[in-house]
There are 2 protein chains.
Amino acid sequence: MANMRETIIAVSIDLFHRKGYFATSVSDIARGSGIQKASIYYHFSSKEDLLYHIMRATMVDLNGYLTRNLSGIEDIEARMRVAVRSHVRFHLERQKENFIANSELRGLTAEHFRDIVTLRDAYEQVFQQLIREGASQGTFVHGDAKLLSYAILTLCTAGAAWYKPEGRLTAEQISHIYERFVIAGLKTADAGLFQGAP
Amino acid sequence: MANMRETIIAVSIDLFHRKGYFATSVSDIARGSGIQKASIYYHFSSKEDLLYHIMRATMVDLNGYLTRNLSGIEDIEARMRVAVRSHVRFHLERQKENFIANSELRGLTAEHFRDIVTLRDAYEQVFQQLIREGASQGTFVHGDAKLLSYAILTLCTAGAAWYKPEGRLTAEQISHIYERFVIAGLKTADAGLFQGAP
DNA sequence: GTCTATAGAGTGATAGAC
DNA sequence: GTCTATCACTCTATAGAC
């Protein structure tokens, strides 16, 4: 870890994941980084600024990863398979950051909160659009795209949360399991199953 | 709210849900309850004791609700349908407490943490046993019962988290939607889908 | 059962030397 | 870029009066 700024970020990701944002003090981060707590403020203007930076980088990378993986693929079902695999793999590979991004939104200022939610909404829109296109061309069931997208994403996000790298399955195997499960649900659930939604 | 102890619990559930356990101070709870913070300690020995009480009551009630709903039902598929509906309905009716029980485990002492996790494990075992029995009699697919139970429970728990009481669907309608979705998944997912697990 | 008062420790953040 | 020192405040929890 050549760069102190990167060290602080890595230490913070680890602590925010293990103890939570509010339970982690700037002193904890400084101790883990091997510097005094005042030195943290040379690199970041506040503890919240550090949280925001971690969350924003995670969401931007998540969106970028999905866009890259989808580029050049035309078939709707193939695009959905790729989207699910992309989501699961990203969450498995950057487990701690994604856990933070999903659980520490309350630590952000109102302005930063809005920014992160906007990025999250854009990501969910990709899945909802795929569900709508798949339904209109008869590949997927007709149902509330918003509720369906939440179901798909939370199922996969939660799956990634209990994954242990030293476990029996590789990230590749797990992403295939969820890909097949979601596609099965989108094709076989009886019509009207997800009609109406919050 | 005749009883001050009950008032403190209700106020704490609201604050822990809205702001999180660590971001909520004993002063906040006292202010919400209309007393001085020192008076909180007449009713509870510590802030953690209050969190533990809320979590334990929620888990005990969750288990009791499931047991009552399952009593007298023999058929495996019918039992699974009832179990899923029971889970979803309980999470919709006591949304805040369940959210706390699922997200504030880090606030507990090691001893209390173990106690809550034991209760949660017992609850999950009911679902895993149903999955195993259904598979052995040919009603459900064969697959890793643990991974399947996690998928079912987190899908339904997450669904309950974004539910808004003033929304379009009633708790009854939502619990039916999830019941049908889970049963469809348990009956139609191709064999080997959930083989192997964390 | 609830109050006032306070102990004792830790918090996020800043000033200014080097 | 990192340090020491410190500000101003908040936190959980307790003591003891009423």
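Numbers restart at 1 for each chain; the letters A, B, ... are given by sequence-line order, proteins then strands. The figures here come from the full heavy-atom set of this structure, side chains too, leaving out hydrogens, waters and symmetry mates. No experiment lies behind these values; they were computed from the predicted model shown.
- Applying the salt bridge (Lys or Arg N to Asp or Glu O under 4.0 Å) rule to pairs touching residues 44-58 of chain B yields B:Arg56-B:Asp115, sequence neighbours excluded.
- Across residues 32-45 of chain A, A:Ile35, A:Gln36, A:Ala38, A:Ser39, A:Tyr42, A:His43 each have a non-hydrogen atom less than 4.0 Å from an atom of DNA chain D (numbered order).
- In 5' to 3' order, the nucleotides of DNA chain C bounding all contacts with chain A (an atom under 4.0 Å from a heavy atom) are C:dT11 to C:dA15.
- Among residue pairs with one or both ends in residues 18-42 of chain B, those qualifying as ring pair (Phe, Tyr, Trp, His ring centres under 6.0 Å) are B:Phe16-B:Tyr21; sequence neighbours excluded.
- A:His91 is linked by a ring-ring contact (aromatic ring centres under 6.0 Å, His included) to A:His87, counting only residues two or more places apart in sequence or in another chain.
- In terms of the side chain to side chain donor-acceptor pair (under 3.5 Å) criterion, residue partners of B:Gln129 (sequence neighbours excluded) are, by chain and number, B:Arg132, B:Glu133.
- With sequence neighbours excluded, the residues that form a ring-ring contact (aromatic ring centres under 6.0 Å, His included) with B:His112 are B:Tyr52.
- Residues forming a salt bridge (Lys or Arg N to Asp or Glu O under 4.0 Å) with B:Arg106 (at least two apart in sequence, or on another chain): A:Glu104.
- For B:Asp28, the side chain to side chain donor-acceptor pair (under 3.5 Å) partners two or more places apart in sequence, or in a different chain, are B:Lys19, B:Ser25, B:Arg31.
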